[in-house]
Amino acid sequence: MVQLKPLVLALASSAFFLSASAGPCNICSPVNILQDGDFEGDSTPWQLDDGVTIVANTPIANYAQSGTHYATFDVANREYTQRYGISQQLSGLKPNQPYTLQYSYATTDDSGIHDGGLDIIHYLDGVQVSSNNFPRQTLGVYATERVTITPTSANPVLKISVGGSGDYYYGATLVIDDISLGRLCQVYGKR
């Protein structure tokens with residue numbers, strides 16, 4: 001008679017070893033829901049406020065994180081309470097499910113920041129869902145913003161709004177590139 005118990009134990013321990021060494025397991029594959037998040041297309045999915053433009057790299061201003069285009073927010077010499085944003089109508093989201101919004105940003109002119117700094121606020125359908133305040137940064141060095149947002153409708157409007165504040169804030173210029181929005185994956189297992 002064949003003894004199956006040692007064979008079952010050997011297979012079980014091999015399966016445990018493989019799953020433990022393989023690391024976490026994602027149960028979804030995030031897909032970028034945004035259109036033209038790298039600004040390399042015609043930018044028609046985006047609504048741009050005055051003071052926001054999509055620009056191409058030049059020999060003097062080469063700020064694209066990838067590709068050759070990026071969004072620039074000219075909050076230099078502006079009223080400190082004024083905000084400048086880009087927005088896009090999204091579609092096909094699952095309400096009450098978390099999504100990850102991610103992009104790269106850099107300050108390219110901070111000559112007007114003497115006290116205070118810049119802030120980026122994220123809105124879904126006009127409701128603030130997160131914000132990031134930061135003081136002067138090293139010019140032209142990108143940072144990554146990553147936030148979890150949870151829409152309450154399937155077709156919300158996403159807005160990324162930039163402003164400045166402080167007792168002696170007179171303006172700055174910020175660039176944003178490589179915006180993505182994907183469904184947040186749940187991870188099981190630990191490394």
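For the single chain, residues carry numbers from 1 onward in sequence order.
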D177: what forms a side-chain hydrogen bond (donor to acceptor under 3.5 Å, both in side chains) with it, not counting sequence neighbours?
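With sequence neighbours excluded, D177 shows a side-chain hydrogen bond (donor to acceptor under 3.5 Å, both in side chains) to no residue whatsoever.
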For residues 86-96, dump all side-chain donor-acceptor pairs below 3.5 Å to protein atoms at least two apart in sequence or in another chain.
unit_1	atom_1	unit_2	atom_2	d
Q88	OE1	Q35	N	2.9
Q88	NE2	Q35	O	3.0
Q89	NE2	N155	O	2.4

Hey, mind stepping through F134 and Y105 against side-chain contact (heavy atoms from CB on, under 4.5 Å) and telling me if it holds?
CA-CA 12 Å; F134 49 94; Y105 67 93; 3.7 Å; yes
Sequence neighbours left out, what passes side chain to side chain contact (heavy atoms under 4.5 Å, CB included) with [X]? Give chain and number order.
X    : result
N133 : D119
T44  : D42
D178 : D38, Q65, S66
A61  : T58, Y63, Y70

pair [X]-[Y]: side-chain heavy atoms closer than 4.5 Å:
X    : Y    : answer
T152 : L124 : no
I149 : L181 : yes
I179 : D36  : no
L158 : L34  : yes
D74  : T53  : no

[X] versus [Y], closest heavy-atom pair with distance:
X   : Y   : answer
A56 : H69 : CB-NE2, 3.5 Å
Y84 : D50 : CD2-O, 2.8 Å
F73 : V52 : CD2-CG2, 3.5 Å

Cluster question for you: counting only ILVMFWY and a side-chain heavy-atom cut-off of under 4.5 Å, with indirect links fine, are [X] and [Y] together?
X    : Y    : value
V162 : V129 : yes
V147 : L174 : yes
V75  : L48  : yes

Co-members of the apolar cluster containing [X] [side chain, <4.5 Å]:
X    : answer
V141 : none
V157 : none
V127 : none

For S153 and D125, does a side-chain donor sit closer than 3.5 Å to a side-chain acceptor?
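Short answer, yes.
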Distance (rounded to the nearest 0.5 Å) between [X] [atom1] and [Y] [atom2]:
X    : Y    : atom1 : atom2 : result
T144 : Y142 : OG1   : OH    : 10.5 Å
E40  : I54  : CD    : CD1   : 10.0 Å
N132 : I120 : CG    : CD1   : 5.5 Å
Y123 : S131 : OH    : OG    : 8.5 Å

Backbone of S180 reached by a side-chain donor or acceptor of N32 within 3.5 Å
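It does not hold such a pair.
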Taking ring pair (Phe, Tyr, Trp, His ring centres under 6.0 Å) as the cut-off, I'd like each qualifying pair that reaches into residues 33-56, sequence neighbours left out, listed once.
F39-W46
Sort and list the pairs that fulfil salt bridge (charged side-chain N to carboxylate O under 4.0 Å, His left out) and have at least one residue in residues 155-164, not counting sequence neighbours.
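Sorted result for residues 155-164: D49-K159.
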All ring-ring contact (aromatic ring centres under 6.0 Å, His included) counterparts of H122, not counting sequence neighbours:
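For H122 the ring-ring contact (aromatic ring centres under 6.0 Å, His included) partners, ignoring immediate neighbours, are Y103.
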